[in-house]
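Side-chain atoms are counted along with the backbone in the values below, which use heavy atoms only and exclude waters and symmetry mates. When a ligand or atom number is given, it counts from 1 through the structure's own listing order.
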Amino acid sequence: MKKEGVFITFEGGEGSGKTSAINFVAERMKKAGVDYLLTMEPGGTKIGEGIRKILLSPKSKGMAPETELMLYCASRSEHVRKVIKPALKDGKVVICDRFDDATIAYQGYGRGLKLDDIKKINSYVCEGLKPDLTILLDVDPVKGLKRASARNSKDGRWNEGRFEKEKIHFHNLVREGYLKIARSEKKRIKVIDSSVDLKKLQDSVWREIEAFLIQKELLLPFKES
Ligand code: Z5A
């Protein structure tokens with residue numbers, strides 16, 4: 001029987017460097033022959049992609065926070081059952097750009113919905129699945145939003161999403177929320193300062209992931225020849 005895989009999530013505010021760090025980690029894992037799957041939330045399935053469009057569209061301005069919560073969780077329900085659990089069963093290292101901590105940080109600390117309600121819904125939706133390791137990239141939202149906006153202009157993504165349009169106060173609440181979650185789960189969540197330059201950030205992230213994969217016997221320790 002195949003050994004169960006591991007579930008690694010990336011969290012952090014807008015422009016904190018999740019995508020850049022995940023792509024770097026994927027390159028390293030590919031070179032090392034690790035069997036991995038990259039995925040993201042909201043999204044990761046056909047239904048999830050449809051929900052993502054609704055959630056991030058500026059046309060959804062004014063959506064009730066409770067509706068927003070249910071849509072993120074509906075996307076997650078599909079994702080857990082159809083993609084994440086089967087991949088873990090198949091022995092893969094699953095790397096997911098945002099997961100349940102994002103709902104606590106954004107809909108809980110950011111929008112002010114009750115944390116206990118969110119935890120109950122998350123637990124129902126995830127059927128007990130929790131990340132084995134979470135990398136939280138922490139950066140001042142002013143800096144993160146500047147990076148995201150520079151990237152959007154470069155890529156021709158002129159239309160900012162619904163969350164990028166939120167006031168800085170909202171992004172500060174989300175950041176504080178993430179840091180509170182991290183303080184309560186120090187073993188699972190590794191906080192990495194993402195205000196440093198990109199190369200430094202990618203190296204720090206890889207060091208955490210490499211150590212974790214070696215500990216789980218999914219990667220052989222590198223030996224100098
Ligand atoms: N959301 C929610 O509310 N509830 C939930 O349950 C879930 C999500 C799951 C998804 O948006 C939104 O949904 C998200 C939270 C909410 N909204 N917000 N805010 P998304 O998937 O479209 O976007 P995102 O997750 O926020 O990611 P992002 O904006 O694409 O940022 P990123 O992936 O963290 O950053 P990046 O693309 O790697 O970097 C951005 C740019 O900065 C890029 O040009 C990089 O080259 C540059 N960069 C990155 N790091 C550095 C450093 N260290 N130095 C210099 N430049 C850097």
For atom 26 (O) of ligand 1, state which one of Arg151, Lys143, Glu14, Glu166 supplies the nearest heavy atom.
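Closest candidate by heavy-atom distance is Glu14.
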
Could you work out, for atom 7 (C) of ligand 1, the closest of Phe24, Phe99, Tyr72, Phe170 by heavy-atom distance?
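The nearest heavy atom belongs to Tyr72.
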
Judging by distance only, is a nitrogen or oxygen of [X] under 3.5 angstrom from one on ligand 1?
{"X": "Pro42", "value": "no"}
{"X": "Thr19", "value": "yes"}
{"X": "Gly17", "value": "yes"}
{"X": "Val196", "value": "yes"}
{"X": "Glu68", "value": "no"}
{"X": "Glu41", "value": "no"}

Without hydrogens or angle criteria, can the side chains of Tyr106 and Arg98 be said to hold a donor-acceptor pair below 3.5 Å?
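There is such a pair (donor and acceptor under 3.5 Å, judged by atom type) between the side chains of Tyr106 and Arg98.
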
How about Glu14 and His171: does a side-chain donor come under 3.5 Å of a side-chain acceptor?
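There is no such pair (donor and acceptor under 3.5 Å, judged by atom type) between the side chains of Glu14 and His171.
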
For the pair Ser60 (side chain) and Leu55 (backbone), establish whether a donor and an acceptor sit closer than 3.5 Å, ignoring hydrogens and angles.
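Not a single qualifying donor-acceptor pair exists.
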
Could you check whether any side-chain N or O of Ser77 sits under 3.5 Å from a backbone N or O of Cys73, counting only pairs where one atom can act as donor and the other as acceptor?
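Absent.
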
Below 4.0 angstrom from a heavy atom of [X], which ligand 1 atoms are there? Numbered from 1 as shown, please.
{"X": "Thr103", "answer": "5 (C), 6 (O)"}
{"X": "Asp197", "answer": "53 (N)"}
{"X": "Ser194", "answer": "53 (N)"}
{"X": "Gln107", "answer": "2 (C), 3 (O), 4 (N), 5 (C), 6 (O)"}
{"X": "Leu201", "answer": "53 (N)"}

Can you check side-chain contact (heavy atoms from CB on, under 4.5 Å) on Asp100 and Lys130, steps first, answer last?
CA-CA 8 Å; Asp100 59 345; Lys130 278 299 279 180; 3.0 Å; yes

Are any of the side-chain nitrogens in Lys120 or Asp116 under 4.0 Å away from the carboxylate oxygens of its partner?
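The answer is no: the pair does not qualify as a salt bridge.
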
Look at Asp90 together with Lys92 and state whether they make a salt bridge at an N to O cut-off of under 4.0 Å.
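Looking at Asp90 and Lys92, the cut-off is met.
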
Pick one of side chain, backbone, both or neither for how [X] approaches ligand 1, counting any non-hydrogen atom pair under 4.0 Å.
{"X": "Leu56", "value": "side chain"}
{"X": "Arg52", "value": "side chain"}
{"X": "Lys18", "value": "both"}

Take every heavy atom of [X], measure it against each atom of ligand 1, and state whether any distance is under 4.0 Å.
{"X": "Arg76", "value": "yes"}
{"X": "Ser16", "value": "yes"}
{"X": "Lys200", "value": "no"}

Candidate list Ile8, Val6, Thr39, test side chain to side chain contact (heavy atoms under 4.5 Å, CB included), partner Val94, passing option
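The option that passes is Thr39.
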
Closest heavy-atom contact between Phe99 and Glu11?
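Heavy atoms only, the tightest pair is N-OE2, 2.7 Å.
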
Closest heavy-atom contact between Phe10 and Ala21?
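Closest approach of Phe10 to Ala21: CE2-CB, 3.9 Å.
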
Residues two or more places apart in sequence or in another chain: which of them pass side chain to side chain contact (heavy atoms under 4.5 Å, CB included) with Pro65?
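Pro65 satisfies side chain to side chain contact (heavy atoms under 4.5 Å, CB included) with Arg111, Leu113 once adjacent residues are dropped.
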
Say whether Leu173 and Leu137 are linked into one hydrophobic cluster, either directly or through other cluster members, by side-chain heavy-atom distances under 4.5 angstrom.
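No, Leu173 and Leu137 fall in different hydrophobic clusters.
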
